[in-house]
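Notes for the one structure printed next.
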Amino acid sequence: MENRIFEVENVSFAYEEAEEKAVQGVSLSVPEGAFYAVLGQNGSGKSTLAKLLNGLYLPTEGKVHVCGLDTADDQNIWEIRKQAGMVFQNPDNQIVATLVEDDVAFGLENIGVPTAQMPERIEKALSDVDMLPFRDRAPHTLSGGQKQRIAIAGILAMEPRAIIFDEATAMLDPQGRKEVFAAVEKLNREKGITVLWITHFMEEAARCQYVYIMEDGRIAMEGTPAEVFSVPEKVQALRLDVPAAARLAHRLRQAGMPLKEGLLHPEETAEEVARVCRLNSKA
Amino acid sequence: MLRDMTLGQYYPVKSPVHSLDPRVKILLLIAAIVAVFMAGNMLAFLPAAVYIFFACRLSNVPFNMLLKGIKPLRFIIIFTVVLNIFFLPGEKVWLDLGFAKITQEAVMTAILYALRLVLLVMFSSLLTLTTAPVTLTDGLERLLSPLSKIGFPAHEMAMMMTIALRFIPTLLEEADKIMKAQSARGADFESGNLMARAKAMVPLLVPLFVSAFRRAGDLAMAMEARCYHGGKGRTRLHVLKMHKNDWLAILSMAVLIACVILIGRL
Amino acid sequence: MQIEFKGVTHTYQEGSPFQSTAIRDVNFTVSSGEFLALIGHTGSGKSTLAQHINGLLRPTSGQVLIDGEDIHSSGYSKKTLRQKVGLVFQYPEHQLFEETVEKDIGFGPRNLGLSEDEILERVQEALRKVGLAYDEFREKSPFELSGGQMRRVAMAGVLAMRPEVLVLDEPAAGLDPMSREDMLQLIRSLHESGTTIIMISHSMDDVARFATRVLVMKKGTVAMDGTPADIFLHADQLEEMGLDVPVICRMNNDLRRLGLPLPEGIYEEDALFTALMQLWKGGENHAS
């Protein structure tokens, strides 16, 4: 059996004063090296789920295993957080130090990496997200996308096996969103780092390998993006949307145009539409 | 508006003074304060003045910047001088105002005190001008760390300072934005008496506090996720090491103290 | 009401070593009833420009005229100006501060010195406009609402000033897809009821759907000014500036490049759908 990075079994979680559970009976499983997405509107429980995945919250029912370690066991907690880092939504509220380089060092200092090894690991982590030239800058002089890449570097330096992104692009402009997503895709592709991408942007979810859609604390739908987005009505009923290209393809198909299934991205949709239209005019 | 405020007074240039170990600089400042207090007559200030002048030249900080540090304290200095002139007793009366006598001794003492204050401010300014706030915090933490054995939270204090320094620009920017947003709804932060103005700050301060708390919560979560668990077992990226210059600086301060004592005995 | 920018330049921290010019020699006129989208890269000067419209920032040189009057001339009342032009900042919910929704929305009208009756009327009207029930929300603390509701309350706080022009900086930022759609529909309905809208946006798809006119900012100057159809005809220029193009517009260009005889500059889903269906059916007829 392939290695499972995250193994969530029938997990529920309720905040202390809350009557309703924020997460209810969720099960999911993410294999090593994968790029999975969790999609859902605000308040669907996706951020709570994220915090259950590295022991920031502990499940009230069920089990969460990270790299085979149970998050409920106190002894595992630092190892789990070292293996599965987390990038949060607000770029400003996760940078601790007044200099980029010092911030990347923060995690290393916490886990007791010897001083002599630090500069090399910091340099490598910064260059992996193309931020090495900014090592001496103050964080507040950087753009949102740059700050998020610093946050990623801070985690990379700790050499994790997985990173959880909790709506890491929600507060960025399109440019920042693109640069962060591209950096993460590269890490997944080149370093085999497992990614769990939590978002409400359909275009991003469409580029992941597998999608869980959450609604009211439960997993309401799951499948490959092609499977999930091929039924726009169902996705829209969950107060979410479908990528524009998939929506158009769906409408054309319903109106009778014989397009193939599973179209998601603008480029492939355009090609398929052009192919079908040309076929028609030649015939 | 608020964004124009500069933070701290660190003067970012390269110099041998800037690159001194912050621990050494803090200890040297304490030594200098002691020296200035030991100086019993005006002549004894001379070596201290010469010392600060050359230290300033060496630091590449314009001398004006040092003098600027005195400006906010000018009222305290004038106040001390006036108090001393009027109320210190003495023998040689220069002027008799009836309710008080101005004596030569009193005037001399007043000048002595004023010079002492000016020198103290200049020495402290030189430290803050040549040491980045974070480095200063770092130095303080190391100096105080022996006290952590008796329960003094040296690491926590330093971490708090660092985070405060990190978030000051962010919160200033936010305050600026909130002020503009409330102005757009007709809020007036500038006119009215003191009470009215204090009341006008509520629409600024409440959102700012709410935001600071939200940020604190987020940051705590992010720090925990990055394996932060207090100062125990932490290693450091920057290790402070004493260099030749640090020893030279200590030596120079020893010479200064010796001079002050010698001249004071004359 | 007409807003006119005449050679407006703004330099931050002029004379200091940190001086930077955010906008330079900006000229344009907005008339009543327009829905103007302000687009551009982060740092292109959009926000600085927006803050000039209601006088929060003062031009370093040039003039901002409302109905021909310079808003910084000594005779011009700031109060009238704030009333005429409402400004909704990014993440406006971060400026809520009162104990109750009612008091928070009443803050603006109270600053205008209106009577209690008038304030009440305006609060009710503003809440109705943003789609929240007065009786249900008036006593609630703004801090216990959901993110989408908080933003509506903050919007209501500006609407209670009864502005003729509403300037919005990224009103849908950070909202999830449905709250986003609700917010945009709300803005559309305000526009339809006669409010002039000036909206800063990063989402070209929103711009394509709602704006009647687009102003593209580049490095502090106006690079393009026209209807969405005009602007999106120059998709390549926008991409050169590092800006997005609506997905539909990009697909239309791809399809044209692949040889389909589609018209240039389609940027709406319905339009592309219709054009493609026509093309495909036409091909079918042709074949039969």
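Just so it is clear: chains get the letters A, B, ... in the order the sequence lines come, proteins before strands, and each one is counted from 1.
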Non-hydrogen side-chain atoms of [X] and [Y] separated by less than 4.5 Å:
| X | Y | result |
| --- | --- | --- |
| A/E109 | B/L237 | yes |
| A/Y57 | B/M221 | yes |
| B/M159 | A/V96 | yes |
| A/D102 | B/H238 | yes |

If you draw a 6.0 Å radius around [atom1] in [X], do more than 12 non-hydrogen atoms from other residues or ligands fall strictly inside?
| X | atom1 | value |
| --- | --- | --- |
| A/Y15 | OH | yes |
| A/K186 | NZ | yes |
| B/M223 | CE | yes |
| B/F209 | CZ | no |

Does any heavy atom of chain B fall under 4.5 Å from the side chain of [X], the backbone, both, or neither of them?
| X | answer |
| --- | --- |
| A/F106 | both |
| A/I122 | side chain |
| A/E101 | both |
| A/N54 | side chain |

If you look at every heavy atom in [X] and [Y], which pair is closest and at what distance?
| X | Y | result |
| --- | --- | --- |
| B/E224 | A/W78 | O-CZ3, 3.9 Å |
| A/R81 | B/A225 | CB-O, 3.8 Å |
| A/D92 | B/R166 | O-NH2, 2.7 Å |

Exercise for review: Quick one: which of B/A220, B/C227, B/G231, B/G230 has the most heavy-atom pairs under 4.5 Å with chain A, could you say?
Suggested key: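 Counting heavy-atom pairs under 4.5 Å, the top option is B/C227.
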
**Study point:** B/L219 CG to A/N90 CG distance, which is reported to the nearest 0.5 Å
**Key:**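 The CG atom of A/N90 is 10.5 Å from CG of B/L219, to the nearest 0.5 Å.
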
Point to revise | Winner by heavy-atom pair count (cut-off under 4.5 Å) against chain B, out of A/D103, A/I164, A/L108 | key: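 Most pairs with chain B among the choices: A/D103.
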
Exercise for review: Select, from A/I155, A/I95, A/I111, the one with the greatest count of heavy-atom pairs under 4.5 Å involving chain B.
Suggested key: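 Of A/I155, A/I95, A/I111, A/I95 has the most heavy-atom pairs under 4.5 Å with chain B.
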
Heavy-atom donor-acceptor pair, [X] side chain to [Y] backbone, under 3.5 Å:
| X | Y | result |
| --- | --- | --- |
| B/T235 | A/P114 | no |
| A/T115 | B/R236 | yes |
| A/N110 | B/R226 | yes |

